[in-house]
S.K.: 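One structure coming up, written as structure tokens, with questions to follow.
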Amino acid sequence: MRPSPPPDPPALDVRSELASAVREVLAAWGVADRVEVPVEPSARPEFGDLSTPAALRCAPVLRRAPLQIAGELREGLAARHLPFVREWTVSPPGYVNCRLDDAVWAPAVIGQALALDPAVPLRPLADPAPAGRTLVEHTATNPNKAAHVGHLRNACIGDSVARILRRAGEEVEVQNYIDDTGVQVADVAVGMRHLGLEAEPGEPFDHFCSRVYVEVGRRYEAEPSLLELRARTLREVEAGGNDTARFVKDLAGRVVDRHLATMGRFGIGYDLLTWESDIIALGFWQRAFELLRYSGAIVLAAGGRHAGCWVMPAGGETGDDEDAKVLVKSDGVATYTAKDIAYQLWKFGLLGRDFHYRRWHPEDPASPATTTSGEGTLPAAGFGRAHRVINVIDARQAYPQQVVKQGLARTGHPDEAERSVHLAYEVVALSPPAAAALGVDVEDGKNIYAFSGRRGIEVRADDLLDRAMERVAGKAADPDTAARLAAGAIRYYLQKFSLNQVIAFDFDEALRVSGDSGVYLMYSHARAAGILRRVAPPTEPLRVPGLEPVERALLHALDGYRHALAEAGRGLSPSTLCTYAFGLASALTDFYEHTEAIVREPDPVRRDFRRSLVAATRATLADCLSCLGMAAPDRV
RNA sequence: GCCCCCGUAGCUCAGUGGAUAGAGCAGAGGUUUCCUAAACCUUGUGCGCAGGUUCGAUUCCUGCCGGGGGUACCA
């Protein structure tokens, strides 16, 4: 007869339950709606397992001493007889702490981790369900050159934000916007058609384009008359229906294919490719122009430096304004920002028009991506129509993004403007050693050196990944594992900084395989998986032995997962989850290093408990890594 | 000039209106008959400066200093 599996432990989110209990006491005091009630792991084990500073927060409202309030809060909580709490204490300056009943708490935490299911949304019990669809735009790399690590930071942030929100149960649609009618792609077209540059044998197309882009920049400086070629190219692209427009569209498409391949190596993909040329061809801008014009959001500047341009006044007033943003140039051509307003209106379903759609590579079943099109073959698939829009765009574009948001507000959609988020992140620049390695003169002693695609000063995403693969190849089990470790290492490096921190890119840091690195996280997962391979799973319901401090710490780390995920989602902050993941991996390592090997554990209760603890950690780490777009390998 | 971001240990960065501010790296020393050493242990008088709000400020406000970015008929 086969042993029956252990029964499911009770679903119990201890922190949320505790927060509810505190809130109830505060409600009885009539202050619940005026005080935030955080419940957090105790700062030090001697205080207890969980603590709340609720009494401290009440002090200003109740105008009484925090410690006294804490005593009354403790009484109120103790009277509720929560089954998972063994003891309540108060400590200065006014914390209320509790010690949990391990026999109830530990199985609940482990049970929840083992029950993690990607198909079941994960969020704290107290958090409300999401309101509607969220549209995330990210990557949006100009299709005229190879993607560098700055573009990769954008894509990693956007992809992880999408993953984090999806994990919490939100409906998320990811779009990659292709600026195929801009100056940058026009420059490369000029280079290819008029300067006679040729790709080298075996050179990837986007790398070739990068080279052309640099060379064209040099030629413009030497022969300013060439700039007329650029202007003519732009006009023809804007008009459409001519050889130049077709040439540029084809050029952009081939570069986009390279970008998709590069991002694919990092596990990054898109639901929809949106093309600026389609926004033009389908009259999106004309429609947006009407909306803006008739709502008075834009005006035709009669004089001043913007004479003859349609502008959005900076202050919201009409009339000439030197700080106004030009949306239609005096030659009648719409600026990038203007088309972005049209796109943004469409994203919320406010434009009254839609794209056509088709498969991006209809001949390739393995490539299911959808693209907008001027003359599509797919039925309208319900893209856009978002409740919330998140645009992942670097911080330098804060001003034009503000104009886009104003475009919504001033056409009568203040709520949508409110739900239109510019997720700004600071740029990736070069640390002095990295800059020197790329041939930049660093004699001036600056802290950071800017990338410059125009001058060829950049670190290409593909090249960095290749280097990372070389770095791990010697120790990795096989090439596939090496590729996953390398991609994960780079993703972690680009995600772990908070968004408003400039990354001074450094090769040693990006390729690090030890310490606070992606490789360490993936290695920790593999280590847990290795233990699970060597120890038979339990056959009895979980029983809890006396807990070691490292076990208690690991349980707390596990218990924090859904809260870390929720916080990362609220703050649209992958770095928050990175910090959590490193803490969890470190807690596992601490447990691993400071307890006896489970394979040799003679006591079946303790062996089963510890194996379950490792299994719970492996499951949580895997879930967390997946939200960060990183692999969770069973072996490295 | 105006606006935004940053300033925490030698370096790179977390962090929070509260309980003794944490990691990684670099340096020094140590750990392997033991589930993966891509690991662990030991070693540290740091919140730019000055005011203000507060019972309590590294966290919030103001001013200053230093660094980066924006302020295009580029994106």
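The chains referred to below are lettered A, B, ... by the order of the sequence lines, with proteins before strands, and numbering in each begins at 1.
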S.K.: Hey, is A:Tyr592 stacking on B:A39? Ring centres under 5.5 Å, planes under 30°.
M.R.: no
S.K.: What is the nucleic acid contact for A:Leu532, judged by heavy atoms within less than 4.0 Å: base, sugar-phosphate only, or nothing?
M.R.: nothing
S.K.: Less than 4.0 angstrom between a side-chain N/O of A:Arg534 and OP1 or OP2 of B:U36, yes or no?
M.R.: yes
S.K.: For A:Arg64, is there an ion pair with A:Glu72 - N to carboxylate O distance below 4.0 angstrom?
M.R.: yes
S.K.: Side-chain N or O of A:Ser51 versus OP1/OP2 of B:A19: is the shortest distance under 4.0 Å?
M.R.: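 So the side-chain polar atoms of A:Ser51 never come under 4.0 Å of the phosphate oxygens OP1 or OP2 of B:A19.
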S.K.: Could you tell me whether A:Tyr523 contacts a base, only the sugar-phosphate backbone, or nothing, with contacts defined as non-hydrogen atoms closer than 4.0 Å?
M.R.: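 Here A:Tyr523 touches the bases of the nucleic acid.
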S.K.: Could you check which of B:C25, B:C5, B:C55 has an atom nearest any side-chain atom of A:Pro60?
M.R.: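 Nearest to the side-chain atoms of A:Pro60, counting from C-beta on, is B:C55.
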S.K.: If the plane angle is over 60° it's perpendicular, under 30° parallel, otherwise tilted; pick one for A:Phe451 and A:His148.
M.R.: perpendicular
S.K.: Taking side chain as C-beta onward, heavy atoms only, is A:Arg533 less than 4.5 Å from A:Asp634?
M.R.: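 Side-chain contact under 4.5 Å: yes.
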S.K.: Between A:Ile448 (CD1) and B:C11 (P), how many Å, whole number?
M.R.: 16 Å
S.K.: Centre-to-centre under 6.0 Å for A:Phe284 and A:Tyr343, is that the case here?
M.R.: no
S.K.: Any Lys/Arg nitrogen of A:Glu238 or A:Lys339 sitting under 4.0 Å from an Asp/Glu carboxylate oxygen of the other?
M.R.: yes
S.K.: Does A:Thr579 reach a base, just sugar-phosphate, or nothing at all? Heavy atoms under 4.0 Å.
M.R.: sugar-phosphate
S.K.: Count the heavy atoms of every other residue, nucleotide or ligand shown that sit under 6.0 Å from CZ of A:Arg63, and state whether that count exceeds 12.
M.R.: no
S.K.: Strictly under 6.0 Å, is that where the ring centroids of A:Trp310 and A:Phe289 end up?
M.R.: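 That pair passes the under 6.0 Å test.
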S.K.: Kindly state whether the ring of A:Tyr520 and the ring of A:Phe582 have centres lying under 6.0 angstrom apart.
M.R.: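 So the answer is yes for these two rings.
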S.K.: At under 4.0 Å between heavy atoms, what does A:Asn97 touch on the DNA or RNA strands: base, sugar-phosphate, or nothing?
M.R.: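 Here A:Asn97 touches the bases of the nucleic acid.
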S.K.: Looking across every strand, which nucleic acid part, if any, lies under 4.0 Å from A:Tyr520 by heavy atom: base, sugar-phosphate, or nothing?
M.R.: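 Sugar-phosphate, backbone atoms only, no base.
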S.K.: Does a side-chain N or O of A:Asn447 approach OP1 or OP2 of B:G67 to a distance below 4.0 Å, or not?
M.R.: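 Answer no for this pair, as no side-chain N or O of A:Asn447 is under 4.0 Å from OP1 or OP2.
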S.K.: Just checking A:Arg512: base, sugar-phosphate only, or nothing, at a heavy-atom cut-off of under 4.0 Å?
M.R.: sugar-phosphate
S.K.: Would you list the protein and nucleotides 69-75 of chain B atom pairs, both N or O, that sit under 3.5 Å from each other?
M.R.:
from  : atom 1 : to       : atom 2 : distance (Å)
B:A72 : OP2    : A:Arg305 : NH2    : 3.0
B:C73 : OP2    : A:His306 : NE2    : 3.0
B:C73 : O2     : A:Ser330 : N      : 3.0
B:C73 : O2     : A:Ser330 : OG     : 2.9
B:C73 : N3     : A:Ser330 : OG     : 2.6
B:C73 : N4     : A:Ala307 : O      : 3.4
B:C74 : OP2    : A:Lys329 : NZ     : 2.8
B:A75 : OP1    : A:Tyr336 : N      : 3.2
B:A75 : OP2    : A:Tyr336 : N      : 3.2
B:A75 : O3'    : A:Asp179 : OD2    : 2.8

S.K.: With a 4.0 Å cut-off on heavy atoms, is A:Phe47 in touch with a base, just the backbone sugar-phosphate, or nothing at all?
M.R.: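 Base contact.
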S.K.: Using a heavy-atom cut-off of under 4.0 Å over every strand shown, decide if A:Ala424 touches base, sugar-phosphate, or nothing.
M.R.: nothing
S.K.: How many whole angstroms separate atom CZ of A:Arg527 from atom P of B:A38?
M.R.: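 Distance check: A:Arg527 CZ to B:A38 P gives 8 Å.
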S.K.: With heavy atoms under 4.0 Å as the rule, sort A:Val427 into base, sugar-phosphate or nothing.
M.R.: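 No contact at all - A:Val427 keeps every heavy atom at 4.0 Å or more from the nucleic acid.
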S.K.: Taking the minimum atom-to-atom distance to the side chain of A:Ala504, which one of B:C13, B:C35, B:G24 wins?
M.R.: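 Ranking B:C13, B:C35, B:G24 by closest atom to the A:Ala504 side chain puts B:C13 first.
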S.K.: To the nearest angstrom, how far is A:Met630 atom CE from B:A38 atom C1'?
M.R.: 13 Å
S.K.: Using a 4.0 Å heavy-atom cut-off, does A:Ser431 contact any base of the nucleic acid, only the sugar-phosphate backbone, or nothing at all?
M.R.: nothing
S.K.: If a pair means Watson-Crick or G-U wobble with both distances below 3.5 Å, what does RNA chain B look like in dot-bracket form, with | marking bases paired to a different strand?
M.R.: (((((((..((((....[...)))).(((((.......)))))....(((((..]....))))))))))))....
S.K.: Within the structure shown, what part of the strands sits under 4.0 Å from A:Val519 by heavy-atom distance: base, sugar-phosphate, or nothing?
M.R.: base
